[in-house]
Amino acid sequence: MTDSASSPTASQPTSAPLGTPSFSDANGHSDYATMLSPITVGKREFRNRVIMGSMHTGLEDSLDDIPKLAAYFKERAEGGVAAVVTGGYPPTMEGNLTPFGQPFNTPEIAEAHKEVTQAVHEGGALAILQLLHSGRYGYHPMALSASDSQSPISPFPARAMTVEEIETTIAAYATAAKYAAEAGYDGVQVMGSEGYLINQFLAARTNQRTDDWGGSAENRQRFPIEIIKAIRAAVPEDFVIDYRISVLDLVEGGQTQEEILQLATQLEAAGVDLFSSGIGWHEAQVPTIVTSVPRGAFAWATKVLRDHVNVPVVASNRINDPEVAEKVLTGGWDEGDGTPADGPQADLVSMARPLLADPELVNRAARGLAKEINICIACNQACLDHTFSNERATCLVNPRAGYETELVLKPAEGTKRVGVIGGGVAGLFAAEALAQRGHDVTVFEGSNEVGGQFRLAMRVPGKEEFVHSLTAVQERLSSLKVDIHTGEFRTPEQLLDEGFEEVIVATGVEPRIPDFPGVSEGLAGKIDGVQVITYPELISGKKKAGKFVAVIGAGGIGFDVAEFLLEDRGGEPQSLANWKKQWGVTTDNETAGNLTQPQPDRPHRQIVMLQRKTSKLGKGLGKTTGWVHRASVAMGGALQVAGVTYENITADGLHITISAEDERAIKVAQRAGLTLPEADGNGRIALTLPVDSVVLCTGQESVRPGDKDWTGEEHTNVHIVGGADVAAELDAKRAIRQAVQVAAKI
Ligand code: NAP
Ligand code: SF4
């Protein structure tokens with residue numbers, strides 16, 4: 001690291017805001033003065049410091065979807081961001097992520113995108129097109145990379161590019177940028193991070209070339225530098241070139257920070273106006289965006305870059321509210337070791353998922369309504385998990401995201417009195433959508449507090465932020481004058497009798513109790529030394545588990561419970577310093593990939609996770625988050641046994657059988673120090689797990705108020721949504737979407 005620029009430079013702001021904030025409350029005051037202040041980037045003025053980061057929505061690949069894409073971006077531009085960055089467009093066919101993509105290299109595509117850029121400009125923001133060559137992450141047989149190789153996340157091997165292919169690819173970047181300018185884009189973002197092609201050239205891990213494009217760091221860096229030079233020569237002078245630089249590779253054989261800074265100096269000289277931070281390759285074994293990653297976890301790495309270059313830099317990853325953003329921009333955020341940074345860590349912030357969750361984030365912050373922001377809970381369930389399943393990205397807490405032209409909340413034709421039974425997230429989000437449309441809405445919650453399953457989830461380590469979803473929706477409901485009655489149980493019949501014209505039943509679920517001997521006695525506390533606990537009883541603190549615990553059921557809740565048992569922090573989020581230690585992230589600028597030996601905390605207790613299916617535990621967890629949950633429980637030393645039959649619970653513990661042919665289960669039992677008897681006549685081995693607690697995570701059953709069945713078509717004014725409708729595969733994503741869809745039609 002050089003010490004050339006530890007003081008701010010001409011185009012970098014100090015912690016004091018530059019110029020007048022674009023937004024403020026009625027008194028001209030804002031808590032987010034720096035975030036809301038304008039900044040010059042290259043030759044363009046950004047109206048504030050918030051950029052909507054790139055996110056593939058699934059609407060990029062077909063020109064037929066352009067109107068939907070335009071509506072999606074327009075809503076975010078109108079919501080106050082300074083600029084939006086599109087999903088990644090490849091400069092060449094080989095650079096496609098999937099076989100369906102369309103390179104940004106024809107006059108037709110440029111013409112079609114004028115609808116997008118016009119919509120963004122009408123919303124008052126700048127439009128930036130991301131250029132992304134997937135390299136060996138291409139999910140197709142044409143994949144190319146710096147060297148012959150195959151990424152661990154793609155079944156397709158990539159071939160090393162020839163020198164001629166390197167040169168034509170560089171030229172293709174310039175052509176794509178020229179077409180972007182023609183389409184009305186104000187700039188391009190060159191994706192140089194996350195392990196895509198450019199990153200593959202930059203790291204020794206994937207670049208074993210022996211020609212002028214490999215070997216030394218200088219040679220490995222030639223590819224992006226030549227791309228930037230070619231783009232600069234092809235575009236108008238005021239066209240913004242944003243380079244997304246990997247400030248942390250987080251893979252073995254990745255770049256050192258010294259190499260990254262050396263690259264940044266040269267890219268700046270080649271014509272880069274703005275550096276956006278990229279964190280970690282997609283194949284990294286360190287989580288970078290899920291809920292359990294502390295907020296602003298990587299701002300310290302962006303600061304290292306900011307202190308080195310003379311153009312503005314953008315921080316990203318887990319910056320999901322204006323408070324974190326303002327602190328990152330002014331120097332109040334954690335430097336990574338528990339102390340606040342000694343100056344701004346970035347000049348702008350990039351938020352992608354937070355703007356899916358709430359397109360109005362910037363406007364709300366500017367109007368003094370930050371408490372109403374519909375926070376992104378970093379679950380990935382409806383955005384990245386969809387992208388990686390080739391589904392359109394949307395948002396768990398905002399089902400309208402990506403569906404702006406289809407899920408429309410039009411003003412109601414006449415105001416109706418609507419009663420919502422159940423104050424879980426389905427009920428609360430239904431109430432909000434109904435009230436936005438002009439209905440007169442009242443929520444009745446039987447227990448003493450709203451929140452339902454979310455109130456449990458927010459006690460799970462790493463999910464503490466779920467609380468913000470609940471507090472924010474209550475703030476919005478209060479602004480919309482929705483009455484919430486807690487501790488008031490109602491049936492649909494009662495509400496109809498009270499004069500409500502429509503009723504939403506969102507009464508959620510209760511835990512399923514498995515039917516084998518000992519369960520009900522254990523639940524009633526009648527087994528000496530062994531207690532049986534449902535997951536709500538455990539997570540709410542009603543019952544406490546002992547030191548050796550069996551977790552029955554290994555779906556999403558089983559894994560949440562395992563993490564709760566292993567890491568119970570009493571509802572406090574993990575500190576950044578502790579998180580870095582746990583995952584082996586180092587700030588040392590000479591260590592390749594900034595990776596060191598992980599040092600997980602010692603677990604509080606021994607747990608064994610069980611399921612009846614013979615498949616791997618946690619197989620059904622989210623595509624982009626499941627591996628983090630599996631890694632977390634593995635770090636905590638949890639034993640995992642599949643293919644189990646539950647026999648009985650007695651004072652000796654939990655009695656199960658496993659198949660004598662199941663080598664994996666037998667190995668786990670041996671690791672646990674259990675004596676293995678002979679198999680019985682059915683080929684089953686009987687085992688007793690000497691646990692003191694058994695936690696039931698065995699799915700849910702629907703809860704509906706009253707005895708009457710309201711499911712028939714004749715009950716047109718009673719609508720059953722969420723878990724009350726179908727408990728199987730219940731998740732908040734389906735529940736909230738169904739609730740808002742129903743609310744859109746009343
Ligand atoms: P789930 O995914 O359906 O898992 C329930 C588990 O219980 C299964 O592993 C099942 O496995 C077992 N089970 C079911 N009936 C049983 C019975 N009668 N006796 C013994 N075992 C039984 O349900 P969940 O874990 O409660 O999760 C509910 C929903 O929330 C899911 O849609 C889930 O995706 C979502 N969620 C997701 C996350 C996440 O992604 N991180 C976190 C929390 C919740 P066997 O039949 O093999 O034993
Ligand atoms: Fe955030 Fe989850 Fe919505 Fe994705 S689905 S934007 S992670 S809240």
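Counting starts at 1 for both ligands and their atoms, in listed order. Remember, predicted model here, so these are calculated numbers, not experimental data.
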Close approach of Asp560 to ligand 1, heavy atoms, under 4.0 angstrom: yes

May I ask you to establish whether Arg392 and Tyr403 are in a cation-pi arrangement, using a distance under 6.0 Å from NZ or CZ to the six-membered ring centre and at most 45° from the ring axis? yes

Identify, by atom number and element, the atoms of ligand 1 in contact range of Lys463, meaning under 4.0 Å from any of its heavy atoms. 41 (N), 42 (C)

So, is Arg612 polar-close to ligand 1, with some N/O to N/O distance under 3.5 Å? yes

Gln611 N/O under 3.5 Å from ligand 1 N/O: no

Out of Lys68, Arg76, Lys74, which one pairs with Glu404 under the salt bridge (Lys or Arg N to Asp or Glu O under 4.0 Å) rule? Arg76

Does either side chain, that of Asp652 or that of Thr688, offer a donor lying less than 3.5 Å from an acceptor on the other one? no

Would you check if there is a donor-acceptor pair between the side chains of Gln189 and Ser276 at a distance under 3.5 Å? yes

Out of curiosity, Arg364 CZ to Arg476 CZ, how far, rounded to the nearest 0.5 Å? 5.5 Å

Name the closest protein heavy atom to atom 8 (S) of ligand 2, giving the residue it belongs to and the distance to 0.1 Å. Ile377 N, 3.4 Å

Can you confirm whether the side chains of Thr302 and Ser277 place a donor and an acceptor under 3.5 Å from each other? yes

Look at atom 11 (O) of ligand 1 and find which of Met609, Lys613, Glu563 reaches it with the closest heavy atom. Lys613

Which residue and atom name correspond to the protein heavy atom nearest atom 3 (Fe) of ligand 2, and how close is it? Cys395 SG, 2.4 Å

How does Cys379 reach ligand 2, by side chain, by backbone, by both or by neither, if only non-hydrogen atoms under 4.0 Å count? both

Answer yes or no for Cys376: is there an N/O/S atom below the 2.8 Å cut-off from atom 3 (Fe) of ligand 2? no

